[in-house]
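Atoms within each ligand, like the ligands themselves, are counted from 1 in listed order. The structure displayed is predicted, hence computed values, not measured ones. Quick note: numbers below take in every heavy atom, side chains included, and nothing from hydrogens, waters or symmetry partners.
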Amino acid sequence: MATPVYLDWNASAPLAESAGAAMTRAFATAGNPSSVHAAGRAARKIVEDARAAIAQAAGAADARVVFTGGGTEANALALNGFAPAECLVSAIEHDSVWNPLSGAGVIPVTPECVVDLSEFQRLLDARKPRLVAVMLANNETGAIQPVAEIARLAHGAGARVHCDAVQAFGRMPVDFAGLGVDTMALSAHKIGGPQGVGALVARKAAVLAPVFAGGQEQGIRAGTHNVAGIAGFAAAVRSAVPMSPELRDMLENALRKAHIGCVVHGAKAPRLPNTSCIGLPGVTAETQVMALDLAGFAVSAGAACSSGKVKESRVLAAMGAGKGAGEAIRVSLGPATTAAEIEAFARAWAALAGRLAPVSAAA
Ligand code: PLP
């Protein structure tokens with residue numbers, strides 16, 4: 001079989017060469033950043049240089065950057081200390097925000113996967129939350145949320161705002177100061193850094209409740225720093241290249257042409273340039289993912305479940321997709337994706353649709 005084509009960059013991007021090289025160099029540094037001797041200072045310098053690079057890339061020069069063990073932990077740190085009943089959360093958040101806030105007020109989204117601002121205002125007035133959590137770009141559809149406006153409205157009502165920018169950072173311009181949020185979660189492995197490293201960006205005035213007690217990371221995140229991981233994160237950030245939507249659009253046009261039943265969920269929303277959520281009515285997401293895997297293409301179901309099983313997408317259900325919530329795959333591209341790969345994928349998808357979908361193929 002030909003080399004598999006990887007179209008699941010939103011699940012995890014391949015390690016960038018620059019990140020691998022930076023990690024190899026950092027692994028050769030013996031020290032613990034908390035030690036005062038020269039080796040410790042050398043390790044500390046790696047961490048502080050990375051902190052400055054990430055702050056700069058995130059438009060957060062005046063903010064605090066706290067390194068964590070990934071995006072999930074950054075979200076947990078931001079939410080720690082808030083009871084769900086005191087919070088509002090968008091219906092399309094990643095599980096790492098959604099699950100800890102079970103019982104919070106839910107902000108609905110439009111059928112295009114964008115937070116409904118008038119409903120949000122109504123919920124703000126009715127519930128007077130202490131915290132509002134809305135992501136910057138959705139991991140399944142790529143839909144970009146009106147976070148600056150949400151922060152303005154939430155602050156007007158006295159609430160703090162957390163933004164999960166894990167999928168957005170490195171793929172679109174992210175400006176922490178311009179968004180006006182209080183805390184923002186980042187992750188390294190979506191943009192070519194290593195898995196298991198992330199950061200919480202926080203306004204200096206925002207009080208954070210540590211998840212792990214101890215001394216490191218400004219007293220906010222205990223545990224010896226993952227120096228090599230942090231170095232890899234910064235290297236990936238430095239070498240991240242903005243993507244154009246050209247290949248994504250080429251893909252969607254080809255699939256729409258190949259099969260009359262093809263649905264692109266959230267297509268009318270402002271979106272990340274690399275993400276397509278594609279529905280094939282009558283064929284379960286699991287069947288599509290497995291058939292494409294056999295054909296040599298790695299994509300995921302709308303929601304990649306931690307157990308490796310495919311279940312109906314909560315995000316698509318919130319968009320009102322009905323039965324379609326269990327019939328969509330996510331195709332996510334990266335800077336290394338080529339037009340030839342997209343053409344090959346479109347051929348494989350068209351063959352699958354012709355074989356499995358009950359609607360007849362368009363001419
Ligand atoms: N938030 C979003 C939107 C994500 O897509 C993910 C990962 O899939 C996370 C948070 C979790 O990040 P990590 O895998 O670094 O824990």
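- Between Glu217 and Arg51, at least one side-chain nitrogen of the basic residue sits less than 4.0 Å from a carboxylate oxygen of the acidic one, meeting the salt-bridge criterion.
- The ligand atoms of ligand 1 that sit less than 4.0 angstrom from a heavy atom of Met135 are 3 (C).
- Side-chain heavy atoms closer than 4.5 Å link hydrophobic residues (I, L, V, M, F, W, Y) into clusters, and following such links, even through other members, never connects Val109 to Trp98.
- Per-residue contacts place Gly70 under 4.0 angstrom from the following atoms of ligand 1 (heavy atoms of the residue considered): 15 (O).
- Side chains of Glu140 and Ser313: a donor on one and an acceptor on the other come within 3.5 Å.
- Residues Thr141 and His265 have side chains that never bring a donor and an acceptor to within less than 3.5 angstrom of each other.
- Checked against a 3.5 angstrom limit, the closest N/O atoms of Ala137 and ligand 1 fall outside it.
- Side chains of Ser118 and Gln121: no donor on one and acceptor on the other come within 3.5 Å.
- For ligand 1, none of its N or O atoms has an N or O atom of Ser96 under 3.5 Å away.
- Proximity to His189 (heavy-atom distance under 4.0 Å) selects the following atoms of ligand 1: 13 (P), 14 (O), 15 (O).
- Annotation: Lys190 places an N or O atom under 3.5 Å from an N or O atom of ligand 1; distance criterion only.
- Remark: ligand 1 atoms within the under-4.0 Å shell around heavy atoms of Asn139 are 3 (C), 5 (O).
- When Lys204, Arg203, Arg160 are each tested for a salt bridge (charged side-chain N to carboxylate O under 4.0 Å, His left out) with Asp182, only one passes: Arg203.
- Proximity of Asp164 to ligand 1, defined as any heavy-atom pair under 4.0 Å, is confined to the side chain (atoms from C-beta onward).
- If you number the atoms of ligand 1 from 1 as listed, the ones under 4.0 Å from a heavy atom of Thr72 come out as 11 (C), 12 (O), 13 (P), 16 (O).
- Ranking protein heavy atoms by distance to atom 13 (P) of ligand 1, first place goes to Gly71 N, 3.5 Å.
- With 3.5 Å as the limit, one finds a donor-acceptor pair spanning the side chains of Arg330 and Ser300.
- For ligand 1, the atoms closer than 4.0 angstrom to any heavy atom of Gln167 are 3 (C), 4 (C), 5 (O).
- Residues Val283 and Gln288 come closest through the heavy atom pair O-NE2, 3.0 Å.
- When hydrogens are left out, the protein atom nearest atom 6 (C) of ligand 1 is His94 NE2, 3.3 Å; that is the closest non-hydrogen contact.
- Residue contacts with ligand 1: Ser187 is placed with a nitrogen or oxygen under 3.5 Å of a nitrogen or oxygen of the ligand (distance criterion only).
- Checked options Val147, Thr110, Ile150; the residue passing with Val115 is Ile150 (criterion: side chain to side chain contact (heavy atoms under 4.5 Å, CB included)).
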